[in-house]
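Input: a single structure, listed below in structure tokens.
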Amino acid sequence: MNSTDFAGRGRLSVVLPAALFAAVCLAGPSDASELYSYETDNIPSGVRATGLGGNLVALYETPEGLFYNPALAAVIPAPELALGHHLFLADSQLSQLALNIPAGITGFGITGKYFTTPPIQHLREYEDLGTYYNSALHLGGMAAIRAAAWSAFGVGVRYLHEEMATANNSMAVYDVGLLLRTPADIFAVGASADNISRAAGVRSGYTIGCALKVGIPKQMTRLLLFAGGRIDGETGAVSYSFGLEQWSSDVLGIRAAYVHDVRQIQSGAFDSVAVFRAGISLKIGGFGIDYGFSPIQPIGMANNIGMHVKIPHNAVKTVYEQQPIQLKAAPAAFSPNGDGVQDTVLFSHAISTPTSNVVSSTYTIYDAAGMAVVQMVSTEPVATPAPTLVYDGKDAFGAAVLPDGTYFVDLQFSDVTQPEKYLRRVVRFASPRIPFVIDTVSPRVSLTLSSTTLSPDGDGVGDRLEFVVSVEEEMTSLSSVTARLETMSRKAIRRFPVAITGNETRTVSRTVQWDGTDEVYGAVVPNGEYRIVVTALDAAGNKASAEDTVTVNVPPKVVEKVIEKVVEKTEVVVTTQTIVTTQTVVTERVRKQMIYIKNAKVSVDERGTVITYPTRDLFIKDTFDINPVYLDSLGDVAKLIREDFPENKIIIEGHTDSVGDDMVNRQKTESYAYAVYNHLTKVLNLDPKNLEARGMGESKPIGSNKTRLGRLKNQRLEIIIRR
Amino acid sequence: MVRERSPIFYFSSTWTAIVGTAAVTHTAVAFELKLASSSAQLTAGTTFWYTAEMVSVWNTADHIIRRALDSSVTLAEGATYFWSVTLYNNTETTSTGTLRITATDFFVTDRSAIALKSLKDAEVKVDRNNPFCPACGETTKFRYLVRTKDARIKLHVFTISGKHVATLAEHLAIKDVLYTTEWDGRDAAGRPVPEGMYVVTIVAGDAPLLGLVPASQSMSKHIGVIGRR
């Protein structure tokens with residue numbers, strides 16, 4: 001099944017009948033009387049049809065529609081006979097018969113009408129010659145063909161014979177008709193042209209009408225709405241009719257109609273015009289009885305009584321319907337390059353109509369030019385088509401991947417059921433073509449650093465690093481761009497968000513700044529080499545990255561000490577007119593020097609100058625013995641205190657993290673503090689009256705005890721030179 | 001079917017005289033009907049039938065006289081007859097005698113093939129030439145009347161399918177008075193109608209609800225139009 005072929009046939013099937021129909025309609029009206037010899041042809045036909053106001057060129061539920069549109073012979077689903085008896089004005093009677101015989105995509109119909117008047121007194125001058133009758137016999141035959149599931153075209157011929165007293169007249173006329181309908185028969189439009197050869201004495205004209213079926217679920221109710229308009233081919237007189245029919249459980253039908261006959265209203269001959277029609281039907285299985293009521297102003301009323309019966313038949317009839325389905329391709333772009341990221345696309349569909357016997361499910365993939373390149377067909381009947389299909393981007397031979405580009409996919413399948421013994425129902429489901437993209441090319445990524453070194457110590461020089469991230473994608477769109485900082489061992493320590501804004505789906509260029517801090521603590525990272533890595537991902541899952549290294553080097557931080565103050569005094573002689581005074585200007589010059597303690601951090605805070613050692617390094621592991629490496633450093637501390645802060649109070653504090661018992665921690669830190677105290681007083685001969693040792697335990701953390709880095713920070717020994 | 005029928009005389013009177021400056025309404029106590037074959041004979045008093053009657057006092061009145069003619073009187077077919085009615089007032093006399101007032105009119109006798117005798121309130125029948133051939137110069141004739149009470153009538157011609165063709169009569173019909181109208185086989189626009197069966201319908205009374213005329217107030221009859229004899 002190929003949708004292009006199907007659509008092509010559909011177009012042809014509507015163009016041909018429509019052109020024929022238009023040619024007939026454009027023949028145009030001619031000057032003639034408003035009245036016809038064969039006026040019996042104008043008596044409304046069909047019981048249900050008259051109750052709905054006539055003009056029913058789109059009603060194809062009963063063979064009565066054949067009175068109005070020969071095309072209906074091909075669309076009335078089952079053979080059916082409708083009989084009607086019309087008690088018409090002045091005791092006239094009209095018997096009607098309509099029979100349709102469907103045959104494959106064609107259909108045939110027979111209509112018959114027999115009209116009689118009661119005996120009429122025959123007068124020649126005043127002489128009574130007994131009685132005479134008027135009778136008319138109309139026989140019709142029609143053939144129609146369904147060119148597509150949704151269009152039908154029909155032609156008909158009618159033989160009209162009238163007898164009145166001694167006058168006999170006969171005539172043959174030809175009709176054409178057209179019907180278009182939507183899938184599931186929800187809406188239909190019909191049109192017909194009567195007496196296309198314009199045989200004199202018989203009405204001709206054009207009728208266009210539509211029918212809409214509305215089902216009300218759960219209520220077992222069905223509504224049919226009709227509208228029709230007729231133009232008399234001779235006079236151009238117009239009449240409209242609007243009908244509504246309601247069926248309860250498909251058993252009881254009631255209907256009402258409004259008829260607007262412009263000519264009758266404009267004639268002004270009537271005080272009021274009877275515009276309403278009504279009717280009722282009772283249907284049991286294939287048999288039904290109908291009643292139609294139509295007042296005829298002002299002559300009286302017409303009662304229509306009829307029955308219809310479906311005829312059992314052996315030919316299996318196939319009806320075709322069409323249903324749309326929704327198809328989705330996710331992701332909209334994919335990269336069948338075997339990298340494990342978006343290597344396939346998933347086609348999924350949703351059908352609202354339940355299916356039971358689905359055959360020939362076909363996914364067709366078209367290239368951008370509309371050529372089918374891959375077809376995936378499943379002919380095994382299943383109850384419901386698989387809701388999804390994974391497609392790997394391979395070509396029709398399953399060998400190579402299709403070239404990069406935009407492709408389209410559609411899904412078609414048919415649900416074939418046999419709801420009745422002689423009825424086969426084929427519902428063709430078809431989705432619109434939806435696009436997807438195959439893209440195996442990664443985006444282009446570039447990274448430019450403003451500098452390869454960074455010293456984020458807040459001195460205003462080399463504190464920040466700028467780098468420019470620039471990404472370009474050719475086919476699809478960018479789905480993410482990330483920049484991150486890694487250690488040389490690929491441990492990520494900082495991410496830099498690069499948001500993609502709406503108009504940057506294909507190219508992104510960003511300048512990112514880094515102040516040397518990590519993401520978790522917001523603290524400056526340790527000195528060393530780091531990597532900046534930029535990664536871009538496109539919608540098809542193609543990834544590309546660029547990287548560069550940067551060196552972080554923060555020089556050790558030192559605290560200044562005053563090493564010399566020089567006070568200079570200068571005498572200046574100032575002469576103001578006659579008064580001469582001497583003023584003394586005092587200038588103080590201060591020389592400062594950085595305090596530098598080897599292997600220790602020196603800082604100044606509100607307590608004073610603080611020299612901090614990491615406990616783990618200062619002491620030999622699991623002992624309170626000072627690591628010999630640090631002896632020089634402590635010697636520097638003693639020298640600093642002796643020379644520059646001889647009178648200052650010195651406090652030695654041991655700190656640790658929160659691991660372990662609080663009491664134990666306190667004792668341990670106290671032991672560390674006294675180890676240093678002893679070393680300073682006994683080995684380095686500092687005055688013990690100025691020194692004090694304290695074990696602070698875990699009470700003064702400077703880092704988070706929840707992280708390893710924080711705990712290491714907390715394990716420290718501080719020598720505080722108070723102000 | 002053909003039978004003779006007595007005329008129904010219908011008159012109404014309002015009898016007012018100016019006496020001095022005052023309007024005086026006279027009342028009638030008797031009337032006299034006279035029938036003659038010409039107006040001159042009527043004036044001369046050469047009547048071949050008359051009737052006089054004392055009545056209870058009237059002043060303004062419609063009066064219908066159904067009085068069979070004497071068996072000796074035979075009206076000719078297709079002839080014109082003149083009649084007069086004279087009212088007498090004996091309360092006012094003049095030197096010349098009783099005060100009286102006279103009115104004259106005429107009627108035409110015609111022949112009918114039909115009898116109107118249904119129980120409907122309005123009735124129409126085709127009286128002549130059914131079917132008829134307008135192309136041969138023929139016309140047809142309808143007779144209609146209303147019973148029970150005076151009523152407005154319309155006489156329409158429709159096609160057999162119910163299309164309006166022409167309105168032949170539209171007037172107030174006097175109860176029990178027989179009316180006649182002819183149709184020459186033309187529609188309202190004056191065009192000859194095609195050959196076929198038509199329906200002539202009388203509708204009596206006011207505009208009904210939804211255009212549904214009660215069956216008793218209308219009657220339809222078929223009338224055939226043929227193209228040749």
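Residues that satisfy the salt bridge (charged side-chain N to carboxylate O under 4.0 Å, His left out) test with E163(A), not counting sequence neighbours, are absent from this structure. When the salt bridge (charged side-chain N to carboxylate O under 4.0 Å, His left out) test is applied to E245(A), the partners found at least two apart in sequence or on another chain are R48(A), R255(A).
Summarising the geometry of M164(A) relative to G224(B), their closest heavy-atom pair is SD-CA, 3.8 Å, with the distance given to 0.1 Å.
Inspection of non-hydrogen atoms places V126(B), D127(B), R128(B), N129(B), N130(B), P131(B) of residues 124-132 of chain B under 4.5 Å from chain A.
For Y291(A), the OH atom sits in a packed shell: over 12 heavy atoms of surrounding residues, nucleotides or ligands are nearer than 6.0 Å. The number of heavy-atom neighbours closer than 6.0 Å to CG of L119(B), taken from other residues, nucleotides and ligands shown, is 12 or below. Within a 6.0 Å sphere centred on OH of Y159(A), other residues, nucleotides and ligands contribute more than 12 heavy atoms. Within a 6.0 Å sphere centred on CZ of F107(B), heavy atoms belonging to other residues, nucleotides or ligands number more than 12. Summarising the local packing, OH of Y50(B) is surrounded by 12 or fewer heavy atoms from other residues, nucleotides or ligands at distances under 6.0 Å.
Neither the backbone nor the side chain of Y38(A) comes within contact range of chain B; no heavy atom of the residue lies under 4.5 Å from a heavy atom of that chain. Neither the backbone nor the side chain of E162(A) comes within less than 4.5 Å of any heavy atom of chain B. Heavy atoms closer than 4.5 Å to chain B are found in the side chain of N169(A), but not in its backbone. In this structure, chain A has a heavy atom under 4.5 Å from the backbone of I223(B), while its side chain stays farther away.
T159(B) contributes atom OG1, which lies 8.0 Å from atom CD1 of I43(A) (distance to the nearest 0.5 angstrom). The line from CD1 of I120(A) to CE of M197(B) is 3.5 Å long, rounded to the nearest 0.5 Å.
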Per-pair distances, 0.1 Å, donor-acceptor, side chain in residues 79-86 of chain B, under 3.5 Å, sequence neighbours excluded:
residue, atom, partner, partner atom, Å
Y81(B), OH, A76(B), N, 2.6
T86(B), OG1, T102(B), OG1, 3.1

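The closest side-chain donor-acceptor pair between S161(B) and E39(A) falls under 3.5 angstrom. In summary, the side chains of K163(B) and Y36(A) do not present any donor paired with an acceptor at a separation below 3.5 Å, with no hydrogens or angles considered.
For the pair Y126(A)/K141(B), a side-chain contact is recorded, criterion being any heavy-atom separation below 4.5 Å from C-beta on.
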